[in-house]
Engineer: 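Below is a structure I'd like to ask you about.
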Amino acid sequence: MQPMILYKKLFDHFGLQHWWPGNSSFEIAVGAILTQQTAWTNVEMAIENLKNAKMLDTEKIASSDLKYLEELIRPSGFFRQKAGYLKNFCQQIIDNHDGSIEKLLGGELQSVRKELLAFRGIGPETADSILLYAGNYPTFVVDAYTIRICQRTGMFDSKKYDEVKAFFEEKVKLDAQVYNEFHALLVELGKNHCTSSNPKCENCPVNNGCQYPRRTVQSGSQSQR
DNA sequence: ACCCAGGTGTTTC
DNA sequence: GAAACACATGGG
């Protein structure tokens, strides 16, 4: 199955996703860091805490007491690492972009991406999420669901982030709005159907041609494709 | 009670 | 390089 066919099926089934939840670029970026390997409902609690404490602000976080920040974001899990990530992220924005994430997100895609990837705690998925959902850059976001769906549908078999990203950007015209919906839809499919606890993809709305279990191991032959 | 979640960094084969 | 591990809370 080709990516755009999958996209249409997902869109027909799930409809518009209205991502990313969040009212500002900064809130989206904070959410992107907090949601790493964590359910979004937990992140909502952490962001609510930050809002109530009036801490959703680059200067406030950068100058905050680390222990205090940890307590505020505790519900989002891995709170000690993430508190450090957030402080560092905010400090970088202050040092290099006058404390304005809009300025950070005003540069050329590849150079901003490179800058984000250099921050501690910001890997490829978080960087692309910030670029796409906070900066509206046409960069495809890959996550564990994307990789699993690619493998089970037989669409593309790789666990390497950059390879999967390149595959989609090659097959799907560079368009921030389409990439926005596509990633959100893949997450929806991943959460509801293409889960690790539903390895046979039962009741999947798009499972035509699903090849799970992917292959019966052939001893000796290693040829791909 | 166990498993999982919209990853990342470090350590170890 | 790939694989294994640490990081942690809250919901199903």
Side-chain angles (χ1 to χ4, degrees), chain A residues 6-7 10 14 16-22 25 27-50 66-90 92 113-135 137 139-152 157-165 168 176 178-203 217 222 224:
Chain A
L6 173 62
Y7 178 76
L10 290 172
F14 291 113
L16 273 175
Q17 296 301 301
H18 307 293
W19 273 28
W20 185 293
S25 295
E27 181 177 340
I28 291 169
V30 169
I33 291 171
L34 294 182
T35 199
Q36 292 170 358
Q37 191 63 18
T38 298
W40 180 252
T41 51
N42 288 24
V43 179
E44 285 182 320
M45 295 185 262
I47 291 185
E48 198 55 31
N49 288 345
L50 290 171
L66 188 57
K67 291 298 170 192
Y68 176 53
L69 184 59
E70 287 177 1
E71 286 316 307
L72 291 176
I73 67 167
R74 184 174 205 122
S76 70
F78 303 136
F79 59 90
R80 294 186 190 91
Q81 323 191 114
K82 287 175 180 175
Y85 294 166
L86 283 182
K87 277 198 82 162
N88 178 68
F89 178 67
C90 291
Q92 297 282 352
R113 187 170 193 271
K114 199 172 170 185
E115 182 175 351
L116 286 170
L117 286 174
F119 294 166
R120 187 155 171 62
I122 298 195
E125 181 182 343
T126 307
D128 284 327
S129 295
I130 293 172
L131 288 163
L132 176 60
Y133 291 103
Y137 290 93
T139 190
F140 202 93
V141 178
V142 174
D143 65 353
Y145 292 137
T146 309
I147 289 171
R148 186 191 297 157
I149 291 164
C150 278
Q151 293 184 329
R152 286 194 190 176
D157 188 2
S158 168
K159 288 184 175 173
K160 295 195 174 99
Y161 188 97
D162 292 337
E163 291 183 0
V164 178
K165 174 184 171 64
F168 279 98
V178 174
Y179 286 5
N180 177 322
E181 286 300 326
F182 207 155
H183 174 62
L185 288 165
L186 287 169
V187 171
E188 206 54 27
L189 180 66
K191 286 203 297 203
N192 295 302
H193 300 280
C194 197
T195 64
S196 50
S197 54
N198 180 23
K200 298 199 183 307
C201 303
E202 287 164 31
N203 304 315
V217 179
Q222 293 188 17
Q224 294 297 340

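Scope of the values below: all heavy atoms of this structure, side chains included, with no hydrogens, waters or symmetry mates. So that the names make sense, note that chain A is the first sequence line, chain B the second, and so on, each numbered from 1.
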Engineer: Quick one: which residue pairs count as a side chain to side chain donor-acceptor pair (under 3.5 Å) with a foot in residues 75-87 of chain A, not counting sequence neighbours?
Structural biologist: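 Non-adjacent pairs meeting side chain to side chain donor-acceptor pair (under 3.5 Å): A:Thr38-A:Lys82.
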Engineer: Using side-chain heavy atoms (C-beta onward) and a distance below 4.5 Å, is A:Val164 in contact with A:Phe140?
Structural biologist: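 They are not in side-chain contact.
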Engineer: Taking the nucleotide of DNA chain B with the nearest heavy atom to each, does A:Tyr85 or A:Trp19 sit closer to the 5' end?
Structural biologist: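 This one resolves to A:Trp19.
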Engineer: Heavy atom of residues 33-41 of chain A under 4.0 Å from DNA chain B: which residues?
Structural biologist: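 A:Thr35, A:Gln36, A:Gln37, A:Thr38, A:Ala39, A:Trp40 - these, ordered by number, are the residues of the stretch whose heavy atoms sit under 4.0 Å from the strand.
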Engineer: For C:dC5 versus B:dC4, give the span between their P atoms, rounded off to a whole number of Å.
Structural biologist: 15 Å
Engineer: Please classify the nucleic acid contact of A:Ala32 as base, sugar-phosphate, or nothing, using heavy-atom distances under 4.0 Å.
Structural biologist: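 Here A:Ala32 touches no strand at all.
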Engineer: Considering every strand and a 4.0 Å limit on heavy-atom distances, what is the contact class for A:Thr126: base, sugar-phosphate, or nothing?
Structural biologist: sugar-phosphate
Engineer: Could you check if a side-chain atom of A:Asn42 sits within less than 4.5 angstrom of a side-chain atom of A:Thr35, using non-hydrogen atoms only?
Structural biologist: no
Engineer: Between the side chains of A:Lys165 and A:Thr139, does any donor sit under 3.5 Å from an acceptor?
Structural biologist: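 Side chains of A:Lys165 and A:Thr139: pair found under 3.5 Å.
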Engineer: Could you check how far CG of A:Leu116 sits from P of B:dG9, rounded to whole Å?
Structural biologist: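 One finds 12 Å between P of B:dG9 and CG of A:Leu116, rounded.
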Engineer: Under 4.0 angstrom, heavy atoms only, what part of the nucleic acid is A:Asn42 near: base, sugar-phosphate, or nothing?
Structural biologist: base
Engineer: Give one of base, sugar-phosphate or nothing for A:Phe119, where a contact means two heavy atoms less than 4.0 Å apart.
Structural biologist: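 Sugar-phosphate contact only - A:Phe119 comes under 4.0 Å of backbone atoms but never of a base.
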Engineer: With heavy-atom distances below 4.5 Å as the criterion, would you say the side chains of A:Ile147 and A:Val142 are in contact?
Structural biologist: yes
Engineer: Of all nucleotides in DNA chain C with an atom under 4.0 Å from a non-hydrogen atom of chain A, which is the first and which the last going 5' to 3'?
Structural biologist: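 Extent of the interface on DNA chain C: C:dA2 to C:dG10.
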Engineer: Do A:Thr41 and A:Glu44 have side-chain heavy atoms sitting under 4.5 Å apart?
Structural biologist: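 Yes. Closest side-chain heavy atoms under 4.5 Å.
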Engineer: So what does A:Phe78 touch, heavy atoms closer than 4.0 Å: a base, only the sugar-phosphate, or nothing?
Structural biologist: base
Engineer: Are side-chain heavy atoms of A:Val43 and A:Ile73 found at a separation under 4.5 Å?
Structural biologist: no
Engineer: Could you give the side-chain donor-acceptor pairs of residues 182-194 of chain A under 3.5 Å, partners two or more places apart or in another chain?
Structural biologist:
residue, atom, partner, partner atom, Å
A:His183, ND1, A:Val141, O, 3.3
A:Glu188, OE2, A:Asn192, ND2, 3.0
A:Asn192, ND2, A:Glu188, O, 2.8
A:His193, ND1, A:Asn203, O, 3.1

Engineer: Nearest-Å distance, OH (A:Tyr145) to C1' (B:dG7)?
Structural biologist: 12 Å
Engineer: At a heavy-atom distance below 4.0 Å, what parts of residues 185-197 of chain A sit against DNA chain B?
Structural biologist: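 Within this stretch, A:Val187, A:Lys191, A:Ser196 sit under 4.0 Å of the strand.
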Engineer: What is the distance, to the nearest angstrom, from the CD1 atom on A:Ile73 to the C1' atom on B:dG7?
Structural biologist: 14 Å
Engineer: Would you call A:Glu181 and A:Leu16 a side-chain contact if the rule is heavy atoms closer than 4.5 Å?
Structural biologist: yes
Engineer: Nearest nucleotide by nearest heavy atom, which residue falls closer to the 5' end of DNA chain C, A:Lys159 or A:Gln81?
Structural biologist: A:Lys159
Engineer: Could you check whether any side-chain heavy atom of A:Phe89 comes within less than 4.5 Å of a side-chain heavy atom of A:Leu116, counting everything from C-beta outward?
Structural biologist: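 A:Phe89 reaches A:Leu116 side chain to side chain.
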Engineer: At under 4.0 Å, does any side-chain N or O of A:Arg148 touch on OP1 or OP2 of B:dA5?
Structural biologist: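 A:Arg148 to B:dA5 OP1/OP2: side-chain N or O found under 4.0 Å.
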Engineer: How would you list, by chain and number, every residue that makes a ring pair (Phe, Tyr, Trp, His ring centres under 6.0 Å) with A:Tyr133, sequence neighbours excluded?
Structural biologist: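 Testing A:Tyr133 for ring pair (Phe, Tyr, Trp, His ring centres under 6.0 Å), a comparison that skips the adjacent residues, returns A:Trp19, A:Trp20.
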Engineer: Check the side chains of A:Asp128 and A:Tyr161 for a donor-acceptor pair under 3.5 angstrom, ignoring hydrogens and angles.
Structural biologist: yes
Engineer: Taking atom C1' in both C:dG11 and B:dT8, compute the distance separating them and give it to the nearest angstrom.
Structural biologist: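 C:dG11 and B:dT8 have their C1' atoms separated by 23 Å.
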